[in-house]
Trainee: 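Before we start, here is the structure in question, set down as structure tokens.
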Amino acid sequence: MDVIIQPTAARAEQLAAAIIAKALRAKPHLVLGLATGRTMEGVYGHLARLHREEGLDFAQCRTFNLDEYIGLGSGDPGSYRHYMREQLFRHVNLLPENTHLPDGLAVELDAECEAYEARIRACGGIDLQLLGIGRDGHIGFNEPLSALRSRTREKGLTRATREQNAAMFGGNANKVPARAITMGVGTILDSRRCLLLADGAEKARILALAVEGPITSMISASALQLHAHCTIIVDEAAASELEGTEYYRWILANEPEWAEFR
Ligand code: GLP
């Protein structure tokens, strides 16, 4: 795991976008795992700009989102399909048939979860999975006690998560669906590379626990310590409770992998 500290949230978003763009240029048929939430908006803004100004080509790219609320159709403004359309899909040349999110309206939820896993496998697995972190340490919607080997499945959301995500529902946590379909922790760990982005002081404590604390299903992001190629990008505020920052800064300043991003 590498922890890359950037001076501001804007620089952290820019770096995440640059890493994704590099991966896409190297492999035009990249299978890209996508995340939602406020943190990702800047990343998608940069990707849209790179498409517009530098011709970053998504024509062959396939995408898989981490999660979707149960009970919301793609036209619902609270749905993650709607979020993705507004933040990224309509700004780049992704083919609609190459964008995948779980179907929150599926009648047979277990079958939909199995089919989602099968679709990921049929595309050859996820090359690069973008991740945020919830206040309770979740990745995707893998709430506390999610099995570290879990696969795509239905999950009930904690009160804290529904409060965190209330902004998309007029600020009313009760209007946030209580259940979602989410890739499992095991599904996420199967991706070839993970890229987690976190900013702001309110993420500092949970990020330090996830990165430097013990691996525990209470904090699903801590499972990323098991991943062979995981990069955590944070701004100074989110890095403020980490203990190993001196070493993390040395890595960014000295390791050849990071030379082009310094
Ligand atoms: C939701 C998503 C997570 C995301 C989290 C963080 O809960 N399911 O994948 O990491 O939001 O959201 P924000 O970036 O708004 O803090």
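Note that the coordinates shown come from a computational prediction; the quantities given were computed from them, not determined experimentally. Atoms within each ligand, like the ligands themselves, are counted from 1 in listed order.
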Trainee: Pull out every atom of ligand 1 sitting under 4.0 Å from any heavy atom of T39, numbered as shown with elements.
Mentor: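 Contacts of ligand 1 toward T39, numbered from 1: 13 (P), 14 (O), 16 (O).
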Trainee: Could you find the nearest protein heavy atom to atom 11 (O) of ligand 1 and give me its residue, atom name and distance?
Mentor: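 The protein heavy atom lying closest is N165 OD1, 3.8 Å.
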Trainee: Do any nitrogen or oxygen atoms of T36 come within less than 3.5 Å of a nitrogen or oxygen of ligand 1?
Mentor: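 No; every N/O pair is 3.5 Å or more apart.
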Trainee: Which ligand 1 atoms does Q164 reach within 4.0 Å, using its non-hydrogen atoms?
Mentor: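 Per the distance check, 6 (C), 12 (O), 13 (P), 16 (O).
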Trainee: Nearest heavy atom to atom 3 (C) of ligand 1: which of G37, G134, G200, G140 does it belong to?
Mentor: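 Selected option, by shortest heavy-atom distance: G140.
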Trainee: In the protein, what heavy atom is nearest to atom 10 (O) of ligand 1, and what distance, to one decimal place, separates them?
Mentor: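 Result: G132 C, 3.1 Å.
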Trainee: Find out whether R38 and D199 are in side-chain contact, i.e. whether some heavy atom of one side chain is under 4.5 Å from a heavy atom of the other.
Mentor: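 The answer is yes; the side chains approach within 4.5 Å.
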Trainee: Could you check whether E236 pairs with R249 (Lys NZ or Arg NE/NH1/NH2 to Asp/Glu carboxylate O, under 4.0 Å)?
Mentor: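 Salt bridge flag = yes for R249 with E236.
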Trainee: Run the side-chain contact (heavy atoms from CB on, under 4.5 Å) test against R81 and tell me which residues pass, sequence neighbours left out.
Mentor: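 Result, side-chain contact (heavy atoms from CB on, under 4.5 Å) vs R81: E68, S74, S79, R85, F89, T99, L101.
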Trainee: For atom 7 (O) of ligand 1, find the nearest protein heavy atom and state the residue, atom name and distance (0.1 Å precision).
Mentor: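 Answer for atom 7 (O) of ligand 1: H138 NE2, 2.9 Å.
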Trainee: Would you please say whether a donor-acceptor pair under 3.5 Å links the side chains of N65 and T36?
Mentor: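 Their side chains do not contain a donor-acceptor pair, so the 3.5 Å distance test is not met.
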Trainee: Can you tell which part of I133 has a heavy atom less than 4.0 Å from ligand 1: side chain, backbone, both or neither?
Mentor: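 It is the backbone that touches ligand 1; the side chain stays farther off.
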Trainee: For R153 and N142, does a side-chain donor sit closer than 3.5 Å to a side-chain acceptor?
Mentor: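 Present: a donor and an acceptor within the cut-off.
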Trainee: Between the side chain of Q6 and the main-chain N/O of L15, is any donor-acceptor distance below 3.5 Å?
Mentor: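 No, the answer is negative, given that no donor and acceptor are paired below the 3.5 Å cut-off.
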Trainee: Compute the shortest N/O to N/O distance between I139 and ligand 1 and return yes if it is under 3.5 Å, no if not.
Mentor: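 No, there is no polar N/O contact under 3.5 Å.
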Trainee: Between R151 and E117, does any side-chain N to carboxylate O distance fall below 4.0 Å?
Mentor: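 Salt bridge: yes.
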Trainee: For ligand 1, which atoms sit closer than 4.0 Å to a heavy atom of Y80?
Mentor: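 Within the 4.0 Å cut-off of Y80, ligand 1 contributes 1 (C), 2 (C), 8 (N).
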Trainee: Does either side chain, that of D76 or that of Y69, offer a donor lying less than 3.5 Å from an acceptor on the other one?
Mentor: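 Side-chain D/A pair, D76 to Y69: absent.
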Trainee: Could you pull out, from R38, K155, K203, E143, the option with a heavy atom nearest to atom 16 (O) of ligand 1?
Mentor: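 Considering heavy atoms of R38, K155, K203, E143, the nearest to atom 16 (O) of ligand 1 sits in K203.
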Trainee: I need the nearest protein heavy-atom contact for atom 8 (N) of ligand 1: residue, atom name and distance, please.
Mentor: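 Result: D67 OD2, 2.8 Å.
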